[in-house]
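Structure, as structure tokens:
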Amino acid sequence: RKEVEQDPGPFNVPEGATVAFNCTYSNSASQSFFWYRQDCRKEPKLLMSVYSSGNEDGRFTAQLNRASQYISLLIRDSKLSDSATYLCVVRGAYNKLIFGAGTRLAVHP
Amino acid sequence: ETGVTQTPRHLVMGMTNKKSLKCEQHLGHNAMYWYKQSAKKPLELMFVYNFKEQTENNSVPSRFSPECPNSSHLFLHLHTLQPEDSALYLCASSPSWTSGTYQETQYFGPGTRLLVL
């Protein structure tokens, strides 16, 4: 089983749509969780951390379900500029970041 | 953004060549990392340096040789590579390897896109 699993997509959605990405992780001892965004041929950049109580940053909402070892990212009112690959990231032992393979999002007019 | 810089941005090399990738961070961090990103695969951690000491080698072949002369600079020396080593090589930094708050994260450079012929 992969340490971090994501649906690779692509998710093709129209502008204004709401889209949700899911991610599962295998290590129940994991303590920190993140969503990174990676644009085509660019480096990954932190989008948001994921808190146990869930958190929101503008149009983006992240949720964590420790019991199910499941993380989600919800994007409301999608913009063309949201088109990218979204990486689910889990911090393992000794600050090791374990990356999922990413979910590709394409927002079209 | 110039927090973490990498050179060169693109590199084409033959299997018998020797080349080096350079990474520099201007964030005052103490930990630096090399990652490999192949097409359609997750980022793979290769090496970690904390306060200039190597603390992690993720079973990387010896044809990849890291060097960390100080906390701001990290090199990856390449020799006798194989075509399957073609990938995007990303450098990252963070405040340190073992300490940090819940929100500590890693900052990535733009990467070196390597093609081995």
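Each chain gets a letter, A, B and so on, in the order the sequences are listed, and its residues count up from 1.
- Residue B:Q37 touches chain A through its side chain alone, counting heavy-atom pairs closer than 4.5 Å.
- Taking the six-membered ring wherever Trp is involved, the centroid distance between the rings of A:F21 and A:F11 falls below 6.0 Å.
- In this structure, chain B has heavy atoms under 4.5 Å from both the backbone and the side chain of A:R41.
- No donor-acceptor pair under 3.5 Å is formed between the side chain of B:Q25 and the backbone N or O of B:M32.
- Of the atoms belonging to B:L43, heavy atoms from both backbone and side chain fall under 4.5 Å from chain A.
- Heavy atoms of A:Q38 lying under 4.5 Å from chain B belong exclusively to its side chain.
- A:V89 is not listed as a side-chain neighbour of A:F33, based on a closest heavy-atom distance of 4.5 Å or more.
- A donor-acceptor contact closer than 3.5 angstrom is absent between the side chains of B:H29 and B:S94.
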